[in-house]
Amino acid sequence: MIRIVLGCAFALALAAPAHASSFAGTSAGAGSASSGASSGSTSGNDKVVLQAREDAAGFVASDGRIRGARLEAALRQLRADSAEARAASDMELARAILAR
């Protein structure tokens, strides 16, 4: 279910950059379409992405010249989980991580 939510939200983020927070805000804690998200429940995959925020900030601020290990892990995870993420650039994904 997280893949579907991530895919839909990520597609929205790419279509309208002003809504990038949609991608980031819907993936964490989404257990199923019918259940509400709990702020305390995140999967291991979501934790990898959340822990990459600092690296993502450095990547965006340096225009892609600084690449941290946590950002690399998050990019791999996002692309493994979503076809839309595989089509996105590293910069687009880093910005989506920051929008969380």
Side-chain angles (χ1 to χ4, degrees):
M1 181 50 75
I2 289 176
R3 288 182 185 176
I4 294 169
V5 172
L6 271 173
C8 293
F10 188 70
L12 289 172
L14 289 178
H19 294 97
S21 62
S22 298
F23 164 71
T26 58
S27 63
S32 70
S34 63
S35 68
S38 168
S39 62
S41 65
T42 57
S43 72
N45 296 344
D46 291 336
K47 288 179 184 178
V48 169
V49 175
L50 288 172
Q51 291 173 346
R53 290 195 72 204
E54 188 173 320
D55 284 0
F59 181 79
V60 171
S62 71
D63 198 29
R65 290 184 294 276
I66 298 174
R67 300 179 72 91
R70 288 184 177 182
L71 175 62
E72 293 295 334
L75 295 175
R76 280 191 303 274
Q77 187 61 53
L78 288 169
R79 289 188 170 117
D81 290 345
S82 167
E84 290 86 1
R86 285 189 288 277
S89 71
D90 290 351
M91 186 62 70
E92 289 169 321
L93 292 176
R95 287 184 176 139
I97 291 169
L98 288 175
R100 280 183 177 236

Rounded to the nearest 0.5 Å, what's the gap from [atom1] on [X] to [atom2] on [Y]? Could you check?
{"X": "Leu50", "Y": "Asn45", "atom1": "CG", "atom2": "CG", "value": "11.0 Å"}
{"X": "Leu75", "Y": "Glu92", "atom1": "CG", "atom2": "CD", "value": "11.5 Å"}
{"X": "Leu93", "Y": "Leu98", "atom1": "CG", "atom2": "CG", "value": "11.0 Å"}

Ser62 side chain to Gly58 backbone, donor-acceptor under 3.5 Å: yes
Residues forming a salt bridge (Lys or Arg N to Asp or Glu O under 4.0 Å) with Arg79, sequence neighbours excluded: Asp90
Does Glu54 CD have over 12 foreign heavy atoms under 6.0 Å away? no
Between Ala94 and Ala56, which heavy-atom pair has the shortest distance, and what is it? O-CB, 3.7 Å
Does the side chain of Arg70 come within less than 4.5 Å of Ile97's, by heavy atoms? no
With heavy-atom distances below 4.5 Å as the criterion, would you say the side chains of Met91 and Val60 are in contact? yes
